[in-house]
Amino acid sequence: QKQNSLSSQDENRRGRYLTVEEIQTEASGDEPSPVPIATIPVRIRRSTPDSQCGLRSILLQVRDLGLGYDSDETVLFKYCSGTCPHARSNYDLTLSNLLLSGLLPHPTPGESWHNAPCCRPTHYEDMAFLDNSHRWHKVEKLCAAGCSCVD
């Protein structure tokens, strides 16, 4: 019975602010106090962690890495992915002005100006695996070991 009332309480709270009393009740596990407590709205953070720059991983077979190894071994490939905040610097503003005024040549097709930070590895890890002929291979700097937004 108590389980059903908790899930209905959770349903009622979705998409709204929690009060200090509700937060304290959840933290303590106690029932709400009969003494009224001032309600201060507290916004629940709902941003998705996958949207920010960070280290991700996926299980793949070595042959799926596209490096030409004949191996059925499954490995954990780590990579960087996500968005980076973009704050226009004086460089970005100046570059835009110089391009618009015609003082700088426009990039040729296939070439571009990078004016936004991107999520990139800050350091790498080596990977070792066994191929289908029972030989060990070590590929240096194959996986990301840390990520950051790079300008």
Side-chain angles (χ1 to χ4, degrees), residues 3-4 6-30 39-151:
Q3 184 68 24
N4 289 343
L6 287 177
S7 62
S8 64
Q9 285 175 356
D10 290 342
E11 287 295 318
N12 291 337
R13 285 191 296 210
R14 286 191 192 185
R16 70 169 184 85
Y17 295 100
L18 290 179
T19 65
V20 172
E21 180 182 16
E22 290 169 328
I23 292 170
Q24 289 171 343
T25 300
E26 277 187 12
S28 69
D30 296 334
T39 59
I40 301 170
V42 178
R43 178 110 177 126
I44 298 172
R45 201 170 158 173
R46 298 201 185 273
S47 65
T48 59
D50 291 343
S51 66
Q52 296 183 10
C53 178
L55 193 61
R56 313 281 191 267
S57 59
I58 185 171
L59 283 172
L60 298 169
Q61 285 190 335
V62 171
R63 73 168 38 89
D64 294 333
L65 297 173
L67 300 174
Y69 294 101
D70 182 29
S71 174
D72 295 326
E73 187 169 346
T74 300
V75 293
L76 186 67
F77 179 73
K78 295 185 255 180
Y79 63 99
C80 297
S81 178
T83 59
C84 294
H86 184 245
R88 290 184 59 114
S89 66
N90 288 330
Y91 170 81
D92 296 322
L93 295 171
T94 302
L95 185 63
S96 295
N97 287 334
L98 291 172
L99 283 168
L100 289 173
S101 68
L103 294 171
L104 282 181
H106 285 278
T108 59
E111 185 181 77
S112 64
W113 300 105
H114 295 285
N115 62 349
C118 60
C119 187
R120 294 285 301 161
T122 54
H123 52 287
Y124 298 88
E125 291 177 346
D126 299 345
M127 182 183 287
F129 57 88
L130 195 61
D131 70 13
N132 288 345
S133 299
H134 306 291
R135 287 180 296 210
W136 282 99
H137 297 274
K138 179 181 175 185
V139 180
E140 294 181 359
K141 297 183 178 181
L142 180 62
C143 293
C147 304
S148 183
C149 293
V150 179
D151 285 327

Practice prompt. Report yes if the SG atoms of C80 and C119 are separated by under 2.5 Å, and no otherwise.
Written response: no
Worksheet entry | Nearest-0.5 Å distance, CG of residue N90 to CG of residue N97 | 10.5 Å
Fill in: CG on D70 to CG on N132, rounded to 0.5 Å
4.5 Å
Worksheet item: Looking at S148 and T122, what are the two nearest heavy atoms and their distance?
Response: CB-CG2, 3.3 Å
Practice prompt. Look at the side chain of S133 and the backbone N and O of R135, then say whether any donor-acceptor pair between them is shorter than 3.5 Å.
Written response: no
Discussion item. So which atom in Q61 and which in D72 form the shortest heavy-atom distance, rounded to 0.1 Å?
Written reply: NE2-O, 3.5 Å
Worksheet item: Quick one: do the D92 and S89 side chains pair a donor with an acceptor below 3.5 Å?
Response: yes
Worksheet item: Which heavy atom in L76 sits nearest to a heavy atom in M127, and how many Å separate them?
Response: O-CE, 3.5 Å
Fill in: Interatomic spacing from CG in L103 to CG in L95 - rounded to 0.5 Å
11.5 Å
Worksheet item: Taking all atoms of both residues into account, what is the closest heavy-atom pair of H137 and D131, and its distance?
Response: NE2-OD2, 2.7 Å
Worksheet entry | Interatomic distance, K138 atom NZ to D126 atom CG [nearest 0.5 angstrom] | 4.5 Å
Worksheet item: Given L142 and L65, is the side-chain contact (heavy atoms from CB on, under 4.5 Å) satisfied, shown in steps?
Response: CA-CA 10 Å; L142 180 62; L65 297 173; 4.0 Å; yes
Item to complete: Identify the two heavy atoms, one from I58 and one from Y79, that lie closest to each other, and give their separation to 0.1 Å.
Response: CG2-CE2, 4.1 Å
Worksheet item: What distance do R120 atom CZ and S81 atom OG have between them, rounded to the nearest 0.5 Å?
Response: 12.0 Å
Worksheet, complete the sentence: Between E125 and A145, the two heavy atoms sitting closest are CG-CB, 3.4 Å
Worksheet entry | From CA spacing to verdict: side-chain contact (heavy atoms from CB on, under 4.5 Å), Y69, V139 | CA-CA 11 Å; Y69 294 101; V139 180; 3.8 Å; yes
Worksheet item: Is the distance between the SG atoms of C84 and C149 less than 2.5 Å?
Response: yes
